[in-house]
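Notes to accompany the following structure.
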Amino acid sequence: MFCKQVSLVLAMFYGAALVVASSEGSNLNSRNISDIETRDSTRPIAGFIMKVWPAVIGAALYGISGLLHWIHFFRVGQRYMLTLTIGMSLMTIGLALRIAVSHSPYSLTLYIVEDLLVLLSPCAFLATDYLLLSRLANSLGCDIADDCLLIPSRRITKIFVWSDVITFWVQASGGGMSTSESLSSAGTTVAMVGLVLQLVSFALFTCLLISFGFRVRTKYPDAWDVQSSVLSVAGPFKTSTTSNWKILYYTMCLTCTGILTRSAFRIAEFAGGYNGYLAIHEGYFFLLDTLPLWIAMTLYCFIWPSRFINQDEKNIEVRGSPFSLVESNRNNDNYTS
């Protein structure tokens, strides 16, 4: 099970890499080839000189949060959280490379690597939420998962991860077409379709997550009625398990907000083209891309998911009692207190 999921995530990253491979070589062309043909040869590759201090602050914040994630991972686990820890590490490196790009604004190689890391890392954040929903639902029992999820839990990860792969392939096709002057306009349109489809896919996942909570609350009030203070269980160094799965559920809803904000910004930035206002004013990148993602993923520093999903995958698959995790974690809370 885990190997299959890892393979799906790797396929997503591979698809994203193909996007960059097909279009980054003339990355500027992929947005609007005529803009590049007429641009001043002395103009920096990114279209502007990147500032150092926002990149330093961004890399430091992501680095600190990523370090806390790794601490949680080695102290608590589980393996599926590698998507988050690796994604945060790659994003940190990408932001750090913006410092190098600011000192070498005409280096195409540096720009490609930096842009690739900043582009790909959020894919791991999406995958993290995809992996968590099915586990959170199954942790409440197979009866609740089957009844309250609109899609069978075993299919959620596959469907949404593969949707990312497909949308990235659409973007790759658009990037390849836009390198041809005769197909530049059509290529830009195709790439935009890929970006929009990716946003729609995650929006549908968000609706699936919200509907799950609503249906549990309506149909299984006993499972919903678990109480514990957020302050008593949240913390960057806490490792004890807790029965209040709703804390993780609400945290996931907040992370979806950050991811959707970032996705919408990327579409608007791409639509504006190489010379677009959003593309050449990096303040919007940090405000509407880097910051929402950092806030969203940093929440997991305080609400480490496996503390709220305190079951091995094998036990989740075979468990029959719908409230077994809730009761088990209540016992754990009583024991630890």
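With contacts defined as side-chain heavy-atom distances shorter than 4.5 Å, the pair H69/C301 qualifies. Between F286 and W294, every side-chain heavy-atom pair lies at or beyond the 4.5 Å cut-off. With contacts defined as side-chain heavy-atom distances shorter than 4.5 Å, the pair M91/M297 does not qualify. Within the 4.5 Å cutoff, the side chain of F212 has heavy atoms near those of the L149 side chain. Between F160 and L208 there is a side-chain heavy-atom pair separated by less than 4.5 Å. L132 is listed as a side-chain neighbour of Y80, based on a closest heavy-atom distance under 4.5 Å. Using a 4.5 Å cut-off on side-chain heavy atoms (C-beta onward), K238 and R307 make contact.
Not a single donor-acceptor pair under 3.5 Å links the side chain of W70 to the backbone N or O of S89. T85 places a side-chain N or O within donor-acceptor distance of the main-chain N or O of L82, the cut-off being under 3.5 Å. Distance alone, capped at 3.5 Å, is enough to place a donor-acceptor pair between the S139 side chain and the L136 backbone. Within the 3.5 Å criterion, the main-chain N or O of L117 finds a donor-acceptor partner in the side chain of S121. A donor-acceptor pair is defined here as one N or O able to donate and one able to accept, closer than 3.5 Å; such a pair exists between the side chain of N138 and the backbone of S134.
Side-chain heavy atoms closer than 4.5 Å link hydrophobic residues (I, L, V, M, F, W, Y) into clusters, and following such links, possibly through other members, connects F74 to V76. A single hydrophobic cluster is seen to contain both V200 and I267, as judged by linkage of ILVMFWY side chains at heavy-atom distances under 4.5 Å, directly or through other members. When the side chains of ILVMFWY residues are joined at heavy-atom separations under 4.5 Å, either directly or via intervening members, W53 and V101 end up in a single hydrophobic cluster. I210 and Y130 fall within the same hydrophobic cluster, defined by Ile, Leu, Val, Met, Phe, Trp and Tyr side-chain heavy atoms under 4.5 Å apart, directly or through other members.
Residue pairs satisfying the side chain to side chain donor-acceptor pair (under 3.5 Å) criterion with at least one member in residues 278-289, sequence neighbours excluded, are listed as follows: R98-E282, R262-D289, R266-D289. The salt bridge (Lys or Arg N to Asp or Glu O under 4.0 Å) contacts involving residues 197-211 comprise nothing, where partners must be two or more places apart or lie in separate chains.
Taking the six-membered ring for Trp and thresholds of 30 and 60 degrees, F125 and Y62 have nearly parallel ring planes, at less than 30 degrees apart.
The NZ atom of K246 sits 7.5 Å away from atom CZ of R217, with the distance rounded to the nearest 0.5 Å. How far CD1 of I99 is from CG of L110: 12.0 Å, rounded to the nearest 0.5 Å. Rounding to the nearest 0.5 angstrom, the gap separating the SG atom in C123 from the CD atom in Q198 is 6.0 Å. Here SG of C148 is found 5.5 Å from OH of Y220. Values are rounded to the nearest 0.5 Å. The structure places CD1 of I71 at 10.5 Å from CH2 of W304, a figure rounded to the nearest 0.5 Å. Taken to the nearest 0.5 Å, the CD1 atom of I159 stands 11.5 Å off from the CZ atom of F205.
For the pairing with M252, the side-chain contact (heavy atoms from CB on, under 4.5 Å) check across L133, L299, T206, I303 returns one residue only, L133.
Residues passing the side-chain hydrogen bond (donor to acceptor under 3.5 Å, both in side chains) test with T255 are D129, sequence neighbours excluded.
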Discussion item. Is there a side chain to side chain contact (heavy atoms under 4.5 Å, CB included) between L209 and C253? Walk through the geometry before answering.
Written reply: CA-CA 7 Å; L209 174 65; C253 291; 3.9 Å; yes

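Environment of NZ in K219: crowded, with over 12 heavy atoms of neighbouring residues, nucleotides or ligands closer than 6.0 Å.
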